2 protein chains.
Amino acid sequence: MTALQFDSFQAIADPSRREILLMLAGDKKSINSIAEQFDISRPAISKHIKVLHQAGFITFEEKGRERYCILRQEGFDELKEWINFFDNFWKERLGKLEKLLEKNPDIAKKKK
Amino acid sequence: MTALQFDSFQAIADPSRREILLMLAGDKKSINSIAEQFDISRPAISKHIKVLHQAGFITFEEKGRERYCILRQEGFDELKEWINFFDNFWKERLGKLEKLLEKNPDIAKKKK
DNA sequence: CCTTTGTGTAACTTCAAAGTTACATATATG
DNA sequence: CATATATGTAACTTTGAAGTTACACAAAGG
């Protein structure tokens, strides 16, 4: 249903877009109220919002002529899983090292 | 000491670079052995490796004329913290909701 | 109804990223 | 030593991302 048309890694590569996400963690905000916080033009922000939406990071809540942007938890899933993969990699590696030290405690001793 | 000259968000925005990191989770690899796995040219891979290094994701182990790339755990820290921020945001929000329901159990009931 | 406000988007410019080829250099090997 | 191998990098091209301005349009408000 929510066909991702934009890579989430790509989406958060831009500092302005990361800033927008941070702003939305505070509260939902209209497009214009977001744009006010930036030096770049309103259409530029509009594009960033579009990207964030297409990447699944935000949803909209229409209110008259205003469009409020709301953070969307699932948007962060892909990244979280990616990080988790490497986290597990390190943990696993640490586990192996511990087992090794249990069996060969001598390794921990200085060579000389 | 390790002056980051490249943004880590930017570094993982490129699919090839993410792929390289995945490859290195298996084992350390020489630049050429990495390049072999890709369709793009060796110099292109060389550049990607440089970026990953400057962003702190990998270190090198020189072995004669070969240069082995090794995953570096700290490189992932910035990202992990970023994700954690939003994770805490959701958890906190959930906590607030639970407290609210404790005090006003009626909210959970259907309106009609 | 006219004007203001909030937003989307088309058309354009600029710039940097990602790729290429060509060349340089250092190490290994027969 | 001559050659093959592993790598770095300069110079260049192409492409797309990010910004701009200008315009369109729907909703609100007097």
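Residue numbers begin at 1 in each chain, while the letters A, B, ... track the order of the sequences. These numbers come from a predicted model, not from an experiment.
One interatomic measurement links the two molecules: CD1 of B/Ile12 to P of C/dA18, which rounds to 13 Å at whole-angstrom precision. Rounded to an integer number of Å, the gap from A/Glu36 CD to C/dT7 C1' is 14 Å. As a whole-Å value, the separation of A/Glu66 CD from C/dT5 C1' is 9 Å. Separating the NZ atom of A/Lys50 from the C1' atom of D/dA18 is a distance of 14 Å, rounded to the nearest angstrom. The nearest whole Å value for the distance from the CD1 atom in A/Ile58 to the C1' atom in C/dT7 is 14 Å. Protein atom NZ of B/Lys63 is 18 Å distant from nucleotide atom C1' of C/dA26, rounded to whole Å. Per the geometry, CZ belonging to A/Phe6 stands 12 Å off P belonging to D/dG16, to the nearest Å. With rounding to whole Å, B/Glu61 atom CD is found 16 Å from D/dT7 atom C1'.
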Could you check B/Lys47 against B/Asp14 for salt bridge (charged side-chain N to carboxylate O under 4.0 Å, His left out), going step by step and ending with a plain yes or no? CA-CA 12 Å; B/Lys47 278 194 201 174; B/Asp14 186 281; over 6 Å; no
Is there a ring pair (Phe, Tyr, Trp, His ring centres under 6.0 Å) between A/Phe86 and A/Trp82? Walk through the geometry before answering. CA-CA 7 Å; A/Phe86 288 99; A/Trp82 194 80; 4.8 Å; yes
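Of all heavy-atom pairs spanning A/Ile58 and A/His53, the tightest one is O-CD2, 3.1 Å. Summarising the geometry of B/Ala55 relative to B/Asp7, their closest heavy-atom pair is CB-O, 4.3 Å, with the distance given to 0.1 Å.
In this structure, A/Ser46 reaches the C/dG8 phosphate: one of its side-chain N or O atoms is under 4.0 Å from OP1 or OP2. Between B/His48 and C/dG19 there is a side-chain polar atom (N or O) within less than 4.0 angstrom of OP1 or OP2. OP1 or OP2 of C/dT7 has at least one side-chain nitrogen or oxygen of A/Asn32 nearer than 4.0 Å.
Taking only side-chain atoms of A/Arg67, from C-beta outward, the nucleotide of D/dT7, C/dT7, D/dT20 with the closest atom is C/dT7.
Residue-to-nucleotide contacts include no donor-acceptor pair under 3.5 Å from the side chain of B/Arg42 to the base of C/dG19. At a cut-off of 3.5 angstrom, counting only N and O atoms as typed in the model, there is a donor on one side and an acceptor on the other between the side-chain of A/Lys47 and the base of D/dG19.
Between A/Ser41 and B/Pro43, the one whose closest nucleotide on DNA chain D sits nearer the 5' end is B/Pro43. Toward the 5' end of DNA chain C, the nearer of the two residues B/Ile45 and B/Arg65, judged by each one's closest nucleotide, is B/Ile45.
Under the side-chain contact (heavy atoms from CB on, under 4.5 Å) rule, A/Leu71 has a single partner from A/Thr59, A/Asp27, A/Leu24, A/Ile20, which is A/Leu24.
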